[in-house]
Amino acid sequence: MKVQLPSGDWLELPDGATYADAAEAIGPGLARAALAGRRNGELVDLSAALEDGQPISIVTAKDPEALALIRHDAAHVLATAALELYPGTQVTIGPPIEDGFYYDFDFPDGVKVTDGDFERLEQQVREHIRAQERFERTDVPAGEALERFREQGQDYKVELIEDLVSDRGVETVSLYRNGPFLDLCRGPHAPDTGRIKAFKLLSVAGAYWRGDERRPMLTRIYGTAFFSKGDLDEHLERLEQARARDHRRLGRELELFRFSEVSPGAAFWLPRGTVVFNRLLELTRDKWREYGYEEVKTPQLYDAELWRTSGHWDKYREHMFVTEAEDRSMGLKPMNCPGHAHLYASGRHSYRDLPVRYAEPGLLHRNEPSGTLHGLMRVRHFCQDDAHIFCSEDQIEDEVIACLDMGLDIYEIFGMEARIELSTRPEQRIGTDAMWDRAEAALRGALEHRGVSYELNVGDGAFYGPKIDLHMVDSLGRSWQVGTVQLDYSMPERFELEYTGADNSEHRPVMIHRALLGSLERFIGILIEHYAGELPLWLAPVQALVLPIADRHESYAERVAERLAEAGLRAEADGRTESVGRKIRDGELRKVPYMLVVGDSEQQGGEVAVRRHGEGNLGSRPLEDFARALADEARPRKR
RNA sequence: GCCCGCCUAGCUCAACUGGCAGAGCACUUCACUUGUAAUGAAGAGGUUCUCGGUUCGAAUCCGAGGGCGGGCUCCA
């Protein structure tokens with residue numbers, strides 16, 4: 001039989017040959033390096049049989065998918081070790097993930113595995129790796145596999161097989177054996193455990209079986225594997241560097257904000273952080289003006305009646321802070337939409353006035369579960385760059401395009417890109433199919449018009465309408481939603497919103513909820529990590545620090561700072577009686593963009609010696625000159 | 001909310017098996033008057049997260065609560 005190699009050459013092999021045989025035939029070096037085969041783009045075991053006339057390739061460590069392969073191998077070896085150290089453990093699933101793998105275990109009663117047990121586990125794993133145990137695949141009838149796992153008391157595996165049979169009509173399943181461990185697994189695997197060259201366990205966490213909070217809580221052990229110790233070390237080094245960018249750490253070090261037990265999930269903004277916050281808000285307001293929004297201000301606290309009307313009392317109450325006042329139930333707003341809808345409803349509107357765009361940097365409170373709070377990224381109190389657009393149905397697409405434009409404008413200022421998702425109609429929904437068709441088409445049309453790529457999230461829309469979500473990742477690769485553009489047909493219904501059409505009869509507007517930064521808190525968290533704390537000049541809490549060399553230069557330093565302040569810049573003089581080296585060090589650690597050293601020669605010549613953060617000494621230049629240049633550089637961003 | 005871990009000075013962290021709570025940085029004062037990443041000395045700073053228990057004795061052991069961290073679930 002013949003198979004075709006990636007080079008286009010044909011390779012002649014005896015019938016019944018495997019990928020391993022093909023690798024051997026090509027050369028002994030490749031045979032040693034071979035980890036798996038590739039058939040029609042899919043990885044297969046080296047022991048898989050070749051088919052006549054097929055194009056094939058041999059996968060080695062250089063293949064982009066090879067790491068996932070050995071990480072999956074590593075997960076099996078971890079399960080092997082766990083079963084040996086903790087007999088009676090039930091194994092569940094153990095897939096490779098970005099940067100590593102995990103395995104979920106249900107340990108026997110009384111066994112609690114923590115990261116203190118990692119050393120023992122790792123040692124056990126290493127022994128199996130050293131032994132170079134072969135991964136052997138066998139395909140068996142589902143019934144036989146069921147029997148086997150039932151006997152072993154592996155209930156989760158039994159459930160998995162039962163579901164494979166009932167949901168997918170599977171008749172045979174594949175099992176993989178490595179050393180003493182036999183696991184239900186789709187494969188493929190490397191030929192033996194010795195291919196895992198570097199291995200490390202990273203963390204332990206709880207995880208619900210099948211992600212369902214009503215099912216048992218399992219113990220998830222995270223780890224990673226590489227083809228060399230060097231690669232592993234490099235990865236650990238990257239993790240360490242990512243931790244140094246953590247906004248919680250930088251927020252404390254740069255004195256931007258703090259948290260306190262007296263108000264969990266709510267940031268206390270220090271003066272420097274407040275500068276950043278306000279600068280971002282100014283940017284938002286500029287954009288609102290540019291895109292034709294009108295800013296409004298609505299109350300924090302509303303009678304329960306409003307929340308009943310909006311549906312929050314039924315659907316969102318557990319996330320609301322509720323209080324009593326003079327025998328009335330009141331709720332702090334978790335969203336601005338009911339207030340804006342109420343405001344719209346309280347006046348008359350002509351079709352000539354549409355779209356009405358109400359914007360508000362709304363202060364919201366949401367009673368998020370304690371376990372979900374996370375620095376600035378997930379808080380209970382935050383400020384949303386929120387707006388609601390009331391428009392006719394034929395205005396939807398243009399409005400959504402404008403929202404996307406505005407969002408992409410803003411992200412571009414920071415050189416950041418959002419991952420965009422379109423979420424379509426869920427099972428539980430209101431409105432007719434025709435309405436959903438139009439709404440989804442409008443959102444898709446807007447995305448395509450703007451020419452952005454997006455992922456389709458089928459069935460994940462809100463019950464009242466489809467939505468576009470914009471996500472960004474933090475320093476550790478965690479994805480957070482920032483912006484959202486949502487169509488809402490429900491709220492206008494509930495609040496009986498109307499506008500008078502050209503036909504002089506009343507029509508129902510559509511409501512578009514949209515936020516682009518999402519929450520200023522979260523966005524600032526992402527910005528801090530994006531810039532590793534080195535905020536661009538226009539956002540920096542202190543833009544220039546003036547450093548007098550000796551006491552006699554202090555009044556000149558003050559004058560320099562004042563001159564910069566006159567130019568609209570944020571400047572401070574460091575009048576401490578410390579060495580210049582010390583002041584520079586402190587300024588560098590504070591990540592202040594510019595430091596201006598002033599001594600005798602600067603004072604006499606009306607100059608400043610400019611030092612740029614991260615670049616060093618740029619030499620002296622006239623103060624006037626520098627002030628003008630800096631004011632220009634600090635003038636907002638692009639556009 | 002659930003699982004695991006952690007909580008000592010403003011920050012980073014010490015304190016052998018239960019036996020007088022410490023250091024560096026920051027802060028205050030004094031001296032030094034400084035030219036591009038830490039001048040020196042002295043001083044002050046503690047409910048060891050909270051409450052309860054065990055013990056002659058608890059930062060340390062046990063229980064409950066709070067907060068934080070890593071995940072899971074949730075997240076209009």
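Reckoned from all heavy atoms, side chains included, excluding hydrogens, waters and symmetry mates. The structure presented is a predicted model; accordingly, all values stated were derived computationally and were not measured. Here is how names work: the chains are called A, B, and so on, in the same order as the sequence lines, proteins then strands, and each is numbered from 1.
With rounding to whole Å, A/Glu318 atom CD is found 11 Å from B/rC75 atom C1'. Rounded to a whole Å, the CG atom of A/Asn457 is 12 Å from the P atom of B/rA76. Nucleotide B/rC32 holds its P atom 15 Å from the CD atom of A/Glu578, rounded to whole Å. Atom-to-atom, CG of A/Leu373 to C1' of B/rG69 comes out at 12 Å; the value is rounded to the nearest Å. Here B/rC75 presents its C1' atom at 18 Å from NE2 of A/His381, a figure rounded to the nearest Å. Spacing between atom CG of A/Leu256 and atom C1' of B/rC11 amounts to 15 Å, rounded to whole angstrom units. One interatomic measurement links the two molecules: CZ of A/Arg317 to P of B/rC74, which rounds to 23 Å at whole-angstrom precision. If you measure from atom NE2 of A/His513 to atom P of B/rC75, you get 17 Å, rounded to the nearest angstrom.
Among the nucleotides B/rU33, B/rG5, B/rG35, the one closest to the side chain of A/Asp551 is B/rU33. Nearest nucleotide to the side chain of A/Thr577, out of B/rG35, B/rU33, B/rC2: B/rU33. Here the nucleotide nearest the side chain of A/Arg220, chosen from B/rA37, B/rA76, B/rG71, is B/rG71. Closest to the side chain of A/Arg478, from the set B/rG71, B/rA37, B/rU33, is B/rG71. Between B/rC74, B/rG35, B/rC4, one nucleotide has an atom nearer to the side chain of A/His319 than all others, and that is B/rC74. Side-chain proximity of A/Ile584 to the nucleotides B/rA76, B/rU36, B/rU34 is greatest for B/rU36. Of the listed nucleotides (B/rC72, B/rA76, B/rC4), B/rA76 has the atom at the smallest distance from the side chain of A/Lys467. Checking B/rU34, B/rC2, B/rG70 against the side-chain heavy atoms of A/Arg248 singles out B/rG70 as nearest. For A/Val580, the side-chain atoms get nearest to B/rU34 when compared with the rest of B/rG67, B/rA76, B/rU34. Relative to the side chain of A/Thr114, the nucleotides B/rU73, B/rC3, B/rC4 differ in distance, and B/rC4 lies closest.
A/Gly211 comes within 4.0 angstrom of the backbone, heavy atoms only, and of no base. Base engagement by A/Ala205 is indicated by at least one non-hydrogen atom pair under 4.0 Å involving a base atom. A/Glu554 comes within contact range of no nucleotide atom at all, as no heavy-atom separation falls under 4.0 Å. Across all strands shown, A/Gln486 has heavy atoms under 4.0 Å from sugar-phosphate atoms exclusively, and none from any base. If you check every strand for non-hydrogen atoms under 4.0 Å, A/Met335 touches a base. Heavy atoms of A/Lys583 sit nowhere under 4.0 angstrom from any nucleic acid atom. A/Ser601 comes within 4.0 angstrom of a base, heavy atoms only. Base engagement by A/Asp600 is indicated by at least one non-hydrogen atom pair under 4.0 Å involving a base atom. Contacts of A/Phe259 with the nucleic acid, taken as non-hydrogen atoms under 4.0 Å apart, are absent.
Comparing A/Ser579 and A/Thr484 against RNA chain B, the residue whose closest nucleotide sits nearer the 5' end is A/Ser579. Nearer the 5' end of RNA chain B, as judged by each residue's closest nucleotide, is the contact made by A/Gly599, out of A/Gly599 and A/Tyr222.
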Fill in: Bracket notation of RNA chain B in which parentheses pair within the strand, [ ] cross earlier pairs, and | pairs with another strand (Watson-Crick or G-U, under 3.5 Å)
(((((((..((((.....[..)))).(((((.......))))).....(((((..]....))))))))))))....
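Each of A/Arg380, A/Gln384, A/His381, A/Gln300 was compared with A/Leu364 under the side-chain contact (heavy atoms from CB on, under 4.5 Å) criterion, and only A/Gln384 meets it. The residue from A/Glu529, A/Arg522, A/Glu521 that alone fulfils the side-chain hydrogen bond (donor to acceptor under 3.5 Å, both in side chains) condition with A/His247 is A/Glu529. Applying side-chain contact (heavy atoms from CB on, under 4.5 Å) to A/Trp209 and the options A/Arg214, A/Glu159, A/Gln90 leaves one that passes, A/Glu159. Looking at A/Asp163, A/Asp104, A/Thr92 one by one, the single match for side-chain hydrogen bond (donor to acceptor under 3.5 Å, both in side chains) with A/Arg210 turns out to be A/Asp163.
The gap from the C1' atom of B/rG40 to that of B/rC32 amounts to 8 Å, rounded to the nearest Å. B/rA14 and B/rG52 have their P atoms separated by 29 Å, with the value rounded to a whole Å. Using C1' as the reference atom, B/rU55 and B/rU60 are 13 Å apart when rounded to the nearest Å. B/rG70 and B/rC51 have their P atoms separated by 28 Å, with the value rounded to a whole Å. Annotation: B/rU39 and B/rU33 have their C1' atoms spaced 11 Å apart (nearest Å). Only the P atoms considered, B/rA58 is 11 Å distant from B/rA21, to the nearest whole Å. Using atom P as the reference point in both B/rC27 and B/rC11, the two lie 15 Å apart (nearest Å). Separation of the P atoms belonging to B/rA44 and B/rG67 is 36 Å when rounded to the nearest angstrom.
Taking 4.0 angstrom as the limit, A/Arg552 places a side-chain polar atom (N or O) nearer than this to OP1 or OP2 of B/rU34. Of the side-chain N and O atoms in A/Arg252, one or more sit less than 4.0 angstrom from OP1 or OP2 of B/rU12. Between A/His374 and the phosphate of B/rG70, there is a side-chain N or O to OP1/OP2 separation shorter than 4.0 Å. When the side-chain nitrogen and oxygen atoms of A/Arg576 are compared with OP1 and OP2 of B/rC32, none of them lie within a distance under 4.0 Å.
Residues A/Gln241 and A/Glu237 bring a donor and an acceptor atom of their side chains to less than 3.5 Å of each other. Neither side chain, A/Arg429 nor A/Tyr464, offers a donor N or O lying under 3.5 Å from an acceptor on the other.
Between A/Tyr316 and A/His319, the distance from one ring center to the other falls under 6.0 angstrom.
With a 6.0 Å radius and a threshold of 12 heavy atoms from other residues, nucleotides or ligands, A/His471 has its NE2 atom above the threshold.
Residue A/Glu255 places no side-chain atom within donor-acceptor reach of the base of B/rG10, judged by atom type and a 3.5 Å distance cut-off alone. Under 3.5 Å, the side chain of A/Arg378 and the base of B/rC74 form at least one donor-acceptor pair of N or O atoms.
Closest of all the heavy-atom pairs between A/His340 and A/Ala359 is CE1-C, 4.4 Å.
Between A/His388 and A/Phe390, the ring-plane angle classifies as tilted under the 30° and 60° cut-offs.
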Item to complete: Take A/Asp460 and A/Lys467 through the salt bridge (charged side-chain N to carboxylate O under 4.0 Å, His left out) test and state the conclusion after the steps.
Response: CA-CA 9 Å; A/Asp460 210 33; A/Lys467 57 178 186 160; 5.3 Å; no
